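Note sheet for the following structure.
Keep in mind that this is a model prediction, so the values were computed, not measured. Values reported hereafter were calculated over all heavy atoms of this structure, with side chains retained and with hydrogens, waters and symmetry mates removed.
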Amino acid sequence: MATNRTFTMLKPDAVEKGHIGAILEKISASGFRIVAMKLTQMTRTDAETFYAIHKERPFFGDLVEYMTRGPIVAAILEKDNAVEDFRTLIGATNPEEAAEGTIRKLYAASIGENAVHGSDSDDNAAIEGAFHFSGRDIF
């Protein structure tokens, strides 16, 4: 059964380019309610822990460097069918393959700098949300 909350993170490239407001407006206009949000910066340990699933992948080191190079915006979003609807809103990881009007089509520069993260399942949304918003009953 789908939950009505998901986790997102506006990545360092989106923050650096000043896209926070435009992306949050697109999220809000798509029917999501922001229930928690913060501007923060991941430490190396944070990034290594958050992306541990990719530890053996060849891009892991670059991913950690990218995610720690500047601030991110972490947020919990609420809407019916939140995970699936948000994945549709952000578009394909590769912005060249993303549908017109999606966040990644509009704001991502490449597969590596793809502007935004969205949880891929209800379980991961809960895990990722708790990682960034510890001590809160968010799911």
Side-chain angles (χ1 to χ4, degrees):
M1 179 178 181
T3 64
N4 65 348
R5 289 194 174 174
T6 192
F7 173 78
T8 188
M9 180 169 39
L10 281 59
K11 296 180 178 181
D13 60 307
V15 174
E16 291 164 0
K17 293 175 184 172
H19 296 310
I20 296 171
I23 292 172
L24 293 177
E25 174 57 32
K26 187 143 186 73
I27 290 168
S28 180
S30 297
F32 290 91
R33 186 171 77 90
I34 299 167
V35 297
M37 183 172 67
K38 67 179 177 180
L39 178 72
T40 189
Q41 185 153 352
M42 295 177 82
T43 65
R44 173 169 286 285
T45 300
D46 290 339
E48 288 172 346
T49 302
F50 188 82
Y51 289 105
I53 191 169
H54 299 301
K55 188 173 186 172
E56 301 304 319
R57 308 283 293 265
F59 60 81
F60 181 73
D62 289 340
L63 177 61
V64 169
E65 289 301 315
Y66 162 58
M67 291 305 300
T68 58
R69 79 177 191 207
I72 57 117
V73 175
I76 305 297
L77 307 176
E78 187 173 71
K79 179 184 179 187
D80 287 342
N81 201 34
V83 170
E84 185 177 331
D85 284 3
F86 193 68
R87 299 289 293 178
T88 299
L89 177 63
I90 64 176
T93 303
N94 182 346
E96 293 180 11
E97 298 172 1
E100 290 298 325
T102 60
I103 291 172
R104 288 180 173 151
K105 187 67 164 187
L106 294 168
Y107 303 107
S110 67
I111 292 173
E113 293 195 7
N114 59 20
V116 65
H117 167 86
S119 298
D120 63 0
S121 69
D122 291 331
D123 288 343
N124 282 340
I127 292 165
E128 294 168 355
F131 182 88
H132 285 280
F133 294 94
S134 61
R136 299 210 38 197
D137 182 20
I138 54 173
F139 283 87

Point-to-point distance, once rounded to the nearest 0.5 Å, from [atom1] of [X] to [atom2] of [Y]:
| X | Y | atom1 | atom2 | value |
| --- | --- | --- | --- | --- |
| Met42 | Glu48 | CE | CD | 10.0 Å |
| Thr6 | Leu89 | OG1 | CG | 11.0 Å |
| Phe7 | Asp120 | CZ | CG | 12.5 Å |
| Leu77 | Ile27 | CG | CD1 | 5.5 Å |
| Ser121 | Glu84 | OG | CD | 12.5 Å |
| Thr43 | Phe50 | OG1 | CZ | 12.5 Å |

Answer yes or no: is there a donor N or O on one side and an acceptor on the other, between the side chain of [X] and the main chain of [Y], under 3.5 Å?
| X | Y | value |
| --- | --- | --- |
| Gln41 | Thr68 | yes |
| Lys26 | Thr102 | no |
| Arg87 | Gly118 | yes |
| Thr8 | His117 | yes |
| Asp13 | Ala115 | yes |
| Arg104 | Val116 | yes |

For residues [X] and [Y], report the shortest heavy-atom separation together with the two atoms involved.
| X | Y | value |
| --- | --- | --- |
| Ala22 | Tyr107 | CB-OH, 3.2 Å |
| Gly70 | Pro12 | O-CG, 3.8 Å |
| Ile23 | Ala14 | CD1-CB, 3.9 Å |
| Val15 | Leu10 | CG2-O, 4.0 Å |
| Ser119 | Val83 | O-CG1, 3.5 Å |
| Tyr51 | Lys11 | OH-CE, 4.1 Å |

>> So Met9 and Glu128, do their side chains get closer than 4.5 Å, heavy atoms only?
In response: no
> Should Leu63 and Arg57 count as side-chain neighbours, where that means a heavy-atom distance under 4.5 Å?
Replying inline: no
> Is atom NZ of Lys55 surrounded by more than 12 heavy atoms (other residues, nucleotides or ligands) closer than 6.0 Å?
Replying inline: no
> Under the 6.0 Å and 45° cation-pi test, does Lys79 pair with Phe86?
Replying inline: no
>> When you group the ILVMFWY residues by side-chain heavy-atom contacts below 4.5 Å and let the links chain together, are Ile111 and Met67 in the same group?
In response: no
>> Hydrophobic clusters here meaning ILVMFWY residues chained together by side-chain heavy-atom distances under 4.5 Å, can you tell me if Leu106 and Ile20 are in one?
In response: yes
